[in-house]
Amino acid sequence: YNGYFNAREILKADVKQLYAEHTDDYSEIIPLFIYPDEAKSKSMFPNMERVIDKTTNVIDRHSIYIRNEEHVRWIDDCYMLMGKARFYKQEYYIAIEVFEYVAKAYKKEPPGYEALIWLARTHIELKEFNKAEAILKKMDESKGVPKQFSSEFNALFADYYIKKNNREEAIRHLTKALETTRKKQDK
């Protein structure tokens, strides 16, 4: 747990700093998610490398994978942190591999849903809108997104529609996201 905890705290601090340093341009549509540009990504590089190292060590040393089932509860979380670190380093194709693995390995569990959301985010950043749409619509049409991811899912779907210039659908998903979002900062 210590390796996972330390990696999570490093990632959390860097993302918090990324949000703190961002200033909104009110002449443009305000972005729903703040991602680093190339220069900021380079400054985040050492900390994201530490996150990847720590999560890799936890996975290598503690994973107990028997009969197609992982028996250590922190492994899925470590994979998600590793994927997010790759995302923030702008190593999108490696992040896609990590998120796809988690989505397949933990299909009906919360990490699988979170991985699909981040996979769609990555495809949107790469401007692979067809792939992102396929993932988002598949999640929407299946049994539904778990309540804990509903806000983020709808915000991401709205972000997708904003980038596709479909304002009506974006507004519909933003309204849904506002209904389930609890933190004032996120609203």
Side-chain angles (χ1 to χ4, degrees), residues 1-26 28-63 65 70 72-106 110-132 135-136 148-149 151-153 155-160 162-163 183 185-186:
Y1 176 74
N2 286 346
Y4 162 71
F5 174 80
N6 292 330
R8 185 184 70 194
E9 292 303 308
I10 292 167
L11 182 75
K12 201 186 307 183
D14 263 21
V15 171
K16 187 175 181 179
Q17 183 179 358
L18 176 69
Y19 274 80
E21 291 175 354
H22 176 78
T23 54
D24 288 323
D25 179 9
Y26 294 107
E28 301 280 328
I29 293 177
I30 298 171
L32 294 175
F33 302 103
I34 309 300
Y35 301 129
D37 59 2
E38 197 170 326
K40 182 61 182 164
S41 180
K42 286 181 181 178
S43 71
M44 292 174 77
F45 194 90
N47 283 340
M48 294 303 109
E49 248 338 285
R50 287 179 51 212
V51 169
I52 292 167
D53 289 342
K54 286 181 181 296
T55 56
T56 302
N57 286 338
V58 171
I59 293 167
D60 288 344
R61 294 180 183 171
H62 303 289
S63 179
Y65 195 75
E70 180 60 56
V72 177
R73 97 182 227 201
W74 304 111
I75 300 301
D76 55 343
D77 297 323
C78 285
Y79 275 115
M80 283 305 300
L81 281 178
M82 183 188 301
K84 290 175 185 179
R86 295 284 187 189
F87 179 87
Y88 285 114
K89 281 177 61 178
Q90 295 184 345
E91 295 175 347
Y92 296 124
Y93 293 105
I94 299 171
I96 286 172
E97 289 177 12
V98 174
F99 294 137
E100 284 177 344
Y101 169 75
V102 175
K104 287 177 185 172
Y106 303 96
Y113 291 105
E114 184 181 12
L116 287 173
I117 288 171
W118 277 89
L119 186 60
R121 269 190 191 200
T122 308
H123 285 302
I124 289 171
E125 277 302 293
L126 289 170
K127 299 194 181 352
E128 295 173 345
F129 295 115
N130 292 337
K131 291 179 182 179
I135 293 166
L136 292 169
Q148 69 194 60
F149 300 114
S151 176
E152 186 177 4
F153 169 76
L156 183 62
F157 221 148
D159 188 46
Y160 164 78
I162 288 169
K163 292 194 169 135
K183 292 182 182 176
Q185 175 81 20
D186 294 340

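- When all heavy atoms are compared, the tightest approach of Ala103 to Ala115 is N-CB, 3.7 Å.
- Summarising the geometry, atom OH belonging to Tyr92 is positioned 7.0 Å from atom CG belonging to Leu126; distances are rounded to the nearest 0.5 Å.
- Partners of Ser151 by side chain to side chain donor-acceptor pair (under 3.5 Å), not counting sequence neighbours, listed by chain and number: Thr181.
- Each of Phe33, Phe87, Tyr79 was checked for a ring-ring contact (aromatic ring centres under 6.0 Å, His included) with Trp118, and the lone residue meeting it is Phe87.
- Considering every non-hydrogen atom in both Cys78 and Val58, the closest pair reads SG-CG1, 3.5 Å.
- Of the possible donor and acceptor atoms, one in the side chain of Ser41 sits under 3.5 Å from a partner among the backbone N and O of Tyr88.
- Once rounded to the nearest 0.5 Å, the distance linking CD1 of Ile10 with CE of Met48 reads 8.0 Å.
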Mind running side chain to side chain contact (heavy atoms under 4.5 Å, CB included) on Tyr106 and Ile75 for me, showing each step along the way? CA-CA 11 Å; Tyr106 303 96; Ile75 300 301; 4.2 Å; yes

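- Between Asp76 atom CG and Ile59 atom CD1 the span is 9.5 Å, to the nearest 0.5 Å.
- Phe99 places a side-chain heavy atom less than 4.5 Å from the side chain of Met80.
- Looking at residues two or more places apart in sequence or on another chain, you find a side-chain contact (heavy atoms from CB on, under 4.5 Å) between Phe5 and Tyr1, Arg8, Glu9.
- Gly3 approaches Lys54 most closely through the heavy-atom pair O-CB, 3.9 Å.
- Applying the salt bridge (Lys or Arg N to Asp or Glu O under 4.0 Å) test to residues at least two apart or on different chains, the pairs with a partner in residues 81-101 are Glu49-Lys89, Lys84-Glu114, Arg86-Glu91, Lys89-Glu91.
- The ring pair (Phe, Tyr, Trp, His ring centres under 6.0 Å) search around Phe153 returns Phe157, not counting sequence neighbours.
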Give the C-alpha distance, both sets of side-chain angles, the deciding distance and a yes or no for side chain to side chain contact (heavy atoms under 4.5 Å, CB included) between Val51 and Asp14. CA-CA 11 Å; Val51 169; Asp14 263 21; over 6 Å; no

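- Taking Lys163 as the reference, Asp159 meet the side chain to side chain donor-acceptor pair (under 3.5 Å) condition, with sequence neighbours excluded.
- In terms of the side-chain contact (heavy atoms from CB on, under 4.5 Å) criterion, residue partners of Ala158 (sequence neighbours excluded) are, by chain and number, Leu32, His173, Leu174.
- No donor-acceptor pair under 3.5 Å is formed between the side chain of Glu38 and the backbone N or O of Gln90.
- Taking CZ of Arg61 as the start and OG1 of Thr56 as the end, the distance is 11.0 Å to the nearest 0.5 Å.
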Which is it for Arg121 and Glu152 under the side chain to side chain contact (heavy atoms under 4.5 Å, CB included) test, yes or no, and what are the steps along the way? CA-CA 11 Å; Arg121 269 190 191 200; Glu152 186 177 4; 3.0 Å; yes

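- For the atom pair His123 NE2 and Ile96 CD1, the distance stands at 4.0 Å (nearest 0.5 Å).
- In terms of heavy-atom proximity, Ala120 sits nearest to Ala132 at O-CB, 3.8 Å.
- Looking at Leu156, Ile162, Ile135 one by one, the single match for side-chain contact (heavy atoms from CB on, under 4.5 Å) with Ile124 turns out to be Leu156.
- In this structure, CG in Asp37 is found 10.5 Å from NZ in Lys42, a value given to the nearest 0.5 Å.
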